[in-house]
Amino acid sequence: MKLTRRHFLRAAAVAGLATPFTTRGADAGRKFRTALIGAGWWGKNILKEALASGRCQISALCDVDAMGLEIAAEQVSDLSGKQPKTYKDFRELLDKDRPEIVIIATPDHWHALQTIAVLKAGAHVFVEKPTGHTVNESRAMVKVARDAGRVVQVGLHRRVGPHHASAMKFLQSGAVGEIGMVRVFAHSAGGPEKPAPNSEPPDGMDWDFWCGPAPKRPFNSKLHPGGWRNFLDYANGQIGDWGVHWLDQVLWWNGGEYPRRVFSTAGRAIRGPAVLNAREQTTDAPDHQVAVFEFPKFTCVWENRQFASNDAEKHRIGAYFYGTKGILHIGWRDGWTFYPANKKEKPLHEDPQLQEPDGHNLKLLWANFLAAIEIRKPAAARLELAHRSSVLPMLAMISWRTGRSLQWNGAREEIIGDAEASKLLSRPYRAPWIYPAA
Amino acid sequence: MFKLLIVSCATISLLTTSIRADDWPHWRGPTRNGHSAEMAWLDQWPTDGPRVAWKAKVGLGFSTFVVAKGRVLTTGHADDKDTVFCFDADSGKVLWKHPYPAELGNKYFEGGTTGTPTIDDERVYQLSRWGDVFCLDATTGRVIWSKNLQKEIGVRIPDWGFSGAPLVHGNLLILNVGDAGMALDKTSGKIVWQSQNKEAGYSTPLPMGHGNETLVLLGSRQSYVAVDVLTGKEAWRHRWLTQYGVNAADPVVQGALVFICTGYGKGGAMLKTSAGQPQELWKTKVFRTQLNPAVLVDGHLYGVDGDTTSPASLKCLEFATGAEKWEHPNVGSGALITAGGRLIVLSGTGELMVAPASPAGFKPTARAQVLKGKCWTSPVLANGRIYCRSVPGEVVCLDVRKP
Ligand SMILES: NC(=O)c1ccc[n+]([C@@H]2O[C@H](COP(=O)([O-])OP(=O)(O)OC[C@H]3O[C@@H](n4cnc5c(N)ncnc54)[C@H](O)[C@@H]3O)[C@@H](O)[C@H]2O)c1
């Protein structure tokens, strides 16, 4: 659909259509048939915003864990008085329910296949970050989305968060001066890790389906729910989780330009060696990681550490922009703070405006998503942007695995002159799932 | 049970180490419902709060206190170890410690110990999150027997580890391990009966009379279950799905009525169990006790509604109908007990409050900031002292004895 907004409105007016696109309020009574794939912690947070918007009717839910699915369905009927249909298989949901909007909040290794399936079924997508697990998956999503002409919003709510927006304005006003370096980071507590015993999956959980295209590890309570973040088969560690949010702030500021060189090192110095055998396992993601992204005009360093967490460092999470006029920290619950270079000036600070309990801005992001659907305003965290922020951690992981720095051709999204590293831009899928072509 | 304690106390009260009338030897106190029979304690305090008898540091955790024969026990985690601490109730002196290696286990929270030990006469029983069971000598802390159930029989550990306190019944030690509990011989640790190897919930096994039998109520992953205490045979099971399988709050029982209630938006249900399979009499969505159960006083439930991630409020509900009587907002994820018709509430941020237990409203007669930081653990009243702890493991013993 190559219609501009004005074109479209005129066309619609001529045809006398009262489509949901005309204006936001014009057909406020009509609700989007909305479905959710992945009814875990975050999926339910998004679901609540969809309902709270008053513009969505939750028609169907999908999860491979029957218990989580039933709990989510109960919550929807509590909140809306309507019982959604429930499915284990997202393909069946798409087929039978014909949703207009689908929320995808599964673990990262599912995002690409499910986003592509939803787009092919003709629905708009709200998918969680990161966009994919390997680079070419994410590229395939971008390609399919371009052809489908549907809105794809990615869950990077920090693109609309009020204190992020004002920090970005502050940066762009030149108040921080010339920026030579950025440091993005997320530190938290942790310690040595012991393996936990493998077990049968919980009753009603289709573990094989959960693993899907990724390798099938023996079930372990460390994995589900939520714990898969620390397993590289399904995610990309802390950099692929928190890192995406903060690297996205950097790309927001620099207009989305890619770095030209990436290097990363990481390890499990404190957690200890990863264990995986028939009896037990530990996580296998690093407990600390440093990645250096060399941009044409500045250097960006990512750091994460899941140990030695105390108050010695002023901020534990966020982004520091180092400029000639001072240092700007953009954080989470600590808002943003500017520490001027001139000692006579006082620091400037702005508090965050977050939704609790989980400290996010999903309400704004959802509203932005609906506006993108209805009045064709570009979505704030649209796939093309989020794709790039998601790719950076993936590149860091490849550098760490191969033990060398990567030259990145951003225009072509290719690693230059390194066949072995280039192979890691994709990964083999477990049958019957087929890796999406970019 | 409580009558029995008084009788035995009267007969042996001359022994210095005897059980005192107002001991609190196990989770939720002498009658296992958050009630203390203690009447004479100070419920009005100077502005800076009651006198602090002693303080201690025990490490990270959520374990509450058990008190008997002048000893006070609790647990905490530090440096890759859990430690069971035994203090002298009068002085706060550490009488003994029993450390054992344990993981921090900080999945979505700060980690540390979650369960409370149990005192049974001269023995102390401790179940760790990771399936270690210890029988300790209450005087010395010496290990009488110990085992790890995960290593021994491969029991499944629920997501946040085992957290129900052990229940002693006759010669049995009942644990919330497995789909519907497990019983060990308390003298040897030998398994007497066990249930299917599925994930347990997080409540403490709660005995309940049923005709001439005793049933034990357990929160399991997907239900609340009642089993015969002697055999483990299931009497009934009520399907109850709570997010992440967190059936954590103990049921509140009166006769054959069993009130179950959990967090994550789930709510509660009143079950009539006289006819075997439970029937739901009423349900509520406005009362959601996530970690600590409510107390029942004169036909009313008092408890904390809301999750640790929410502002959470203190609420009063009519037991017969589920009607909400009042709400006192922003207490946080605290906990409460009751004694002499009064509520003793520790707020989620360490404010201790005393108020009459009344459906007319929450009107504290005393309040004091007794701890700093996060407090998710129930206070305990025993022999004129109130014990409180914070999550990082600051302990205060407050003297509320009447002069
Ligand atoms: N934007 C944010 O701030 C933010 C915050 C938290 C999580 N997230 C993202 O949300 C996503 C989910 O995270 P979570 O913490 O809720 O994890 P979770 O484990 O709680 O939930 C994931 C759910 O997906 C289900 N699932 C797995 N495979 C499935 C399949 N094939 N079909 C249907 N359901 C399937 C699981 O059973 C589980 O219930 C992740 O991508 C994460 O990065 C984003």
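Side chains included, hydrogens not; waters and symmetry mates left out as well; all remaining heavy atoms used. Naming convention: chains lettered A, B, ... in sequence-line order (proteins, then strands); numbering from 1 in each chain.
For A:Asp78, the part lying under 4.5 angstrom from a heavy atom of chain B is the side chain only. Contacts of A:Glu356 with chain B are absent, with no heavy-atom separation under 4.5 Å from either backbone or side chain. The parts of B:Gln243 that come within reach of chain A are both its backbone and its side chain, each placing non-hydrogen atoms under 4.5 angstrom from that chain.
Closest heavy-atom contact between B:Lys266 and A:Glu74: NZ-OE1, 3.1 Å. Summarising the geometry of A:Ala189 relative to B:Asn106, their closest heavy-atom pair is O-ND2, 3.6 Å, with the distance given to 0.1 Å. Nearest approach of B:Tyr108 to A:Arg229, heavy atoms of both residues: OH-NH1, 4.5 Å. Contact record, B:Thr242 with A:Met67: O-CE, 3.3 Å, taken as the closest heavy-atom pair.
Taking chain B as the reference chain and counting heavy-atom pairs below 4.5 Å, the highest number among A:Gly68, A:Ala72, A:Gly191, A:Pro192 is found for A:Pro192. For the options B:Asn197, B:Leu104, B:Asp80, heavy-atom pairs under 4.5 Å to chain A are most numerous at B:Asp80. Among A:Gln75, A:Lys222, A:Lys44, A:Lys194, the residue making the largest number of heavy-atom pairs under 4.5 Å with chain B is A:Lys194.
The CG atom of A:Asp203 sits 7.5 Å away from the CG atom of B:Asp179 when rounded to the nearest 0.5 Å. The distance from the CD atom of B:Gln150 to the OG atom of A:Ser199 is 9.5 Å, given to the nearest 0.5 Å. With rounding to the nearest 0.5 Å, the separation of CD in B:Gln222 from CD1 in A:Ile71 is 8.0 Å.
For the side chain to side chain contact (heavy atoms under 4.5 Å, CB included) test with B:Arg156, the passing option among A:Ser221, A:Pro197, A:Pro202 is A:Pro202; the others fail.
Annotation for A:Lys216: atom NZ counts as buried by contact number, over 12 foreign heavy atoms lying within 6.0 Å. Within 6.0 Å of NZ on A:Lys85 lie no more than 12 heavy atoms contributed by other residues, nucleotides or ligands. Heavy atoms of other residues, nucleotides or ligands lying less than 6.0 angstrom from CD of A:Gln83 number more than 12.
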**Message:** Could you go through A:Glu70 and B:Arg239, starting from their C-alpha distance and side-chain angles, then the distance that decides it, and tell me whether this counts as side-chain contact (heavy atoms from CB on, under 4.5 Å)?
**Reply:** CA-CA 12 Å; A:Glu70 194 175 327; B:Arg239 186 167 161 82; 2.5 Å; yes

